[in-house]
Amino acid sequence: MTTTIGLEIHVQLATRTKMFCGCSTTFGDEPNTHVCPVCLGLPGALPTLNAEAVHLAITLAMALGCEVHEVSEFSRKNYFYPDLPKSYQITQFDRPIATVGSVPIVTERGARSIRLTRAHIEEDAGKSMHVADITLGGETLVDFNRCGMPLIEIVTEPDMQSGDEAYEFLRNLRRLVRWLGVSSGDMEKGAMRCDVNVSVSPDPALRGTKVEIKNLNSFRSVKRAIDYEEQRQAQCLGGGTSIVSETRHFDEVQGTTTVMRSKEASNDYRYFPEPDLPLLQLDSTELESLRAQMPELPWEMQSRFERDLGLSPYDAALLTEERSTAEFFQQTIALYNNPKKAASYMGTEVARLLNERGKTLSETQLTPAALAGLLTMVENNTISNTASKDVLPLLVDTGVTPAEAVKNLGLEQVSDASAIKDYACEVIAENATQVEQFKSGKEAVLGFLVGQLMKKSKGKANPKLAGEVLRTLLKS
Amino acid sequence: MSSKLPHTLEQYRHAVHAHELSAEEYLDETRQCIEHGDPQVRAFLHLRLDAARSDAQATNPLSPLAGAPIAIKDNIMVAGERCTCGSQILEHYVAPYSATAVVSLLAAGAVIPGKTNCDEFAMGSSTENSAFFPTHNPADLTRVPGGSSGGSAAAVAAGFALGAIGSDTGGSVRQPAAFCGVVGFKPTYGLVSRYGLVAFGSSLDCIGPITRTVRDAAIMMNIMAVHDPKDATSVKRPHVDFEATLQPTLTGKRVGIIRELQRLDVQPEIAAAMEAARKAAVRSGASIVDVSLPHILSALPVYYIIAPAECSANLGRFDGVRYGLHVDGRNMTETYSRTRNAGFGTEVKRRILIGAFVLSAGYYDAYYKKATSVRQLITDELEQALQSADVLLTPTTPTTAFRIGAVTDPLEMYKADVFTIPADLAGVPAISFPAGKDAAGLPIGLQLMGPRWSDADVLSSANVIFTALGGES
Ligand SMILES: [Zn+2]
């Protein structure tokens with residue numbers, strides 16, 4: 001059985017105001033507080049295009065490698081629903097702002113590119129809330145705060161073959177939208193939504209019947225729904241039942257899909273060009289300047305980190321998950337020229353502290369200069385690696401310089417051979433058994449003796465030097 | 001109204017600026033006139049005469065309109081006033097904001113005596129499609145005032161207001177102006193903001209003035225022709241003073257006569273008025289040119305595809321969910337259907353159905369798409385004709401005002417717009433001005449059209465012919 005998967009993703013553009021009016025896009029406020037005649041579709045009101053939304057849409061489309069069209073057109077998509085106050089949605093149909101494009105993904109099957117069909121701008125509908133409580137005014141209430149929010153809809157080619165691939169595609173797309181600042185990518189807040197088309201066919205050369213799945217509220221749901229649907233369709237086909245072209249609803253609790261409506265009963269949306277908005281004409285010089293401002297993309301940076309800096313795939317992925325982290329890392333290695341060490345330190349010690357504090361890097365006091373300074377001190381043996389773990393929390397929480405922190409904590413590493421010799425003599429005197437073992441050839445005991453020395457020095461002794469001094473004394 | 005009182009906006013403005021008349025005094029006269037005449041004419045759906053009087057008291061006498069009463073068609077928003085669009089579905093709807101054109105008029109010192117009757121959602125040519133009552137033509141109360149802005153035209157003709165605004169989608173300002181014997185101007189699409197005008201055919205709708213003289217239309221255009229960032233189809237243009245650019249003659253102007261329209265059947269007195277206007281134009285220094293627009297007669301069918309298509313989407317919002325009439329059903333679909341069935345009149349339903357049909361899958365290409373390409377063809381032909389002529393002269397209507405109830409076939413009614421529709425399809429400015437009367441004493445209107453953005457020129461040329469035919473300058 002061959003599975004074919006295509007996605008339709010709605011990404012909410014991170015503008016300050018809605019797509020066609022001046023209302024705020026703030027999420028989570030009292031229902032119907034961010035509304036006006038335009039987004040409520042009151043008689044006589046007219047839409048005006050939000051230039052910021054267009055700007056963000058172009059930025060994302062360019063990053064997706066799309067062809068961005070200098071002329072595109074808005075259309076009306078007509079249907080009746082209580083959360084659609086004009087009875088039509090302003091969207092793009094015949095002439096979208098962008099076509100083609102691709103997103104790279106890496107799964108167990110290796111690196112691939114998922115092709116995109118198109119990307120277009122549209123407005124969101126309001127939110128229907130079904131309430132059982134009759135005292136709240138009946139069965140259905142509508143919040144129009146979301147109505148008119150700017151969206152970009154991205155449609156993929158049917159290029160994915162498993163739930164894992166779809167999951168990976170979405171993860172990478174979310175990383176990109178956050179990276180570019182075009183969206184929060186937050187699926188829980190509805191800033192990213194996804195419909196899935198799945199078809200299963202016994203013949204790899206033939207495409208099966210397409211089934212659409214809706215109500216997918218997380219990346220995990222997308223994967224679960226696809227996995228379930230793959231099985232269900234394969235079972236149907238195996239049992240001689242044919243697949244019906246229909247829209248199915250994913251049940252989060254059961255992990256199953258159920259029929260919502262058949263495709264035959266689907267709406268005729270009677271699309272036609274939106275007469276209230278002129279053709280969207282983009283200035284070619286403006287497009288060029290947007291292209292010039294395009295930052296290095298996360299997947300480009302990730303492979304550069306592996307290729308040019310020799311980072312492990314794990315570290316490269318971790319550091320390019322967020323643009324601020326990647327920038328922090330780049331600034332750090334500009335001051336401390338050991339990318340692999342910096343990467344692993346960020347991936348372990350720094351990550352652990354952030355995790356404990358429940359903060360992101362930018363929410364702490366840590367600066368690239370401080371981290372580079374700390375790593376340099378370890379490198380120069382000014383402090384031990386162990387001692388650095390005591391210094392880091394100060395840098396993270398208070399913003400003092402590494403030098404100040406080391407001084408405050410009294411952690412300068414002792415690299416003075418005579419001081420270390422005193423500790424070494426004491427250790428030899430107090431651990432006769434281990435000294436005997438060493439002398440009889442059990443060299444591994446040296447580690448224990450170094451540990452004892454470090455304890456005496458309260459961790460300040462240079463461990464490498466301590467080992468050398470002990471060995472010399474023991475061998476003499 | 002006593003004869004010493006100003007008859008035009010221009011005279012009124014002069015009298016108030018010269019302190020010979022106060023806005024309150026004039027409004028009191030207007031009130032008497034309305035209270036005496038409107039029970040017969042029925043131009044207004046809602047009056048606000050007490051509020052208008054306090055507004056008049058508060059106006060600056062030196063403002064451009066200085067408290068002049070201007071009536072507003074009831075499909076244009078005036079904050080705090082009802083806006084019914086002549087429809088049951090919005091019978092109790094109160095506008096939460098004012099249309100941009102209304103804001104401009106109020107800022108210029110206009111006072112609003114009331115909202116005028118119209119065909120439901122501006123769909124009609126007689127104001128008989130108002131859900132509330134028909135308006136009567138002040139020239140003959142047994143006749144229609146035309147439509148859809150029939151209330152506005154009747155109000156100006158009857159002396160209930162010095163000017164009015166209406167909306168023109170297929171001739172709805174010009175045709176009633178012709179029937180009532182007043183001036184109606186449809187500006188270039190994009191010159192006056194549509195914000196706050198309840199949409200019928202969005203790519204066609206224009207707000208325009210209805211006045212007693214061409215000069216008064218120019219005065220109102222000076223106030224309403226402002227770029228509006230709230231309307232994406234409003235166009236930023238260099239400032240033009242439409243009144244100051246009125247010229248005394250037509251020297252050097254070429255007046256075009258459209259060959260294909262000459263062949264249409266028109267009432268003999270209207271043909272005679274055309275001839276008189278032609279001669280007056282020549283006397284005023286114009287030359288007459290013959291122009292051909294091979295596809296102009298397709299304008300009517302094209303219009304009756306495009307306007308219904310747009311209206312089918314525009315009127316979808318009246319679903320009883322958020323405002324307006326609501327009739328409960330057993331489920332959502334039935335509630336929609338019952339609400340809309342009870343709220344809309346026959347003509348509106350007919351156009352919504354036509355519109356939904358021409359946009360539906362499988363018919364879109366044959367109807368809507370075809371209509372838009374023929375629309376472009378007509379626009380191109382008109383543009384080309386307007387290279388060999390500066391303005392085009394046509395009758396505004398094939399007949400003078402017909403009797404109330406006389407036209408029952410919708411196709412016959414649609415034909416009343418045959419001369420006015422081309423200007424809407426092409427988005428060009430067009431004006432109807434009074435040009436005499438027929439044997440029954442009913443007003444005749446003639447129309448001038450010009451290229452896009454030649455509004456000042458169209459007003460100026462119309463003013464010359466209008467005054468040459470005996471109109472007030
Ligand atoms: Zn809004």
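For Y81(A), the parts lying near chain B are the backbone and the side chain together; criterion is any non-hydrogen pair under 4.5 Å. Heavy atoms closer than 4.5 Å to chain B are found in the side chain of N78(A), but not in its backbone. Heavy atoms of A309(B) lying under 4.5 Å from chain A belong exclusively to its backbone. Contact annotation for P37(A): only side-chain heavy atoms (C-beta onward) come within less than 4.5 Å of a heavy atom of chain B. In this structure, no portion of F121(B) lies under 4.5 Å from any heavy atom of chain A. In this structure, no portion of Y363(B) lies under 4.5 Å from any heavy atom of chain A. With a 4.5 Å cut-off on non-hydrogen atoms, D205(B) does not touch chain A at all.
Heavy atoms of other residues, nucleotides or ligands lying less than 6.0 angstrom from CD of Q281(A) number more than 12. The environment of OH in Y93(B) is crowded: more than 12 heavy-atom neighbours from other residues, nucleotides or ligands sit within 6.0 Å. Other residues, nucleotides and ligands contribute at most 12 non-hydrogen atoms within 6.0 Å of the NZ atom of K370(B). Under a cut-off of 6.0 angstrom, the local environment of CZ in R16(A) is sparse, with at most 12 non-hydrogen atoms contributed by other residues, nucleotides or ligands.
Between D228(B) atom CG and L46(A) atom CG the span is 8.5 Å, to the nearest 0.5 Å. Taken to the nearest 0.5 Å, the OG atom of S203(B) stands 8.5 Å off from the CZ atom of F272(A). Of the inter-residue distances, the one linking D319(B) atom CG with L84(A) atom CG reads 9.0 Å to the nearest 0.5 angstrom. Considering OG of S360(B) and CG of D268(A), their distance stands at 5.5 Å, rounded to 0.5 Å.
Residues L42(A) and P96(B) have side chains in contact (heavy-atom distance under 4.5 Å, counting atoms from C-beta outward). Contact annotation: the side chain of R317(B) approaches that of Y88(A) to within less than 4.5 Å [non-hydrogen atoms, C-beta and beyond]. A heavy-atom distance below 4.5 Å is found between the side chains of M77(B) and P43(A). R270(A) is not listed as a side-chain neighbour of Y364(B), based on a closest heavy-atom distance of 4.5 Å or more.
Residues Y323(B) and G41(A) come closest through the heavy atom pair OH-O, 3.3 Å.
A donor-acceptor pair under 3.5 Å is formed between the side chain of Y97(B) and the backbone N or O of A45(A). The backbone N or O of P85(A) lies less than 3.5 Å from a partner atom in the side chain of R322(B), making a donor-acceptor pair.
Most heavy-atom pairs under 4.5 Å with chain A, from the set G196(B), A361(B), A313(B): that is A313(B).
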Would V38(A) and Y195(B) count as a side chain to side chain contact (heavy atoms under 4.5 Å, CB included) here? Give the steps. CA-CA 10 Å; V38(A) 177; Y195(B) 193 80; 3.9 Å; yes

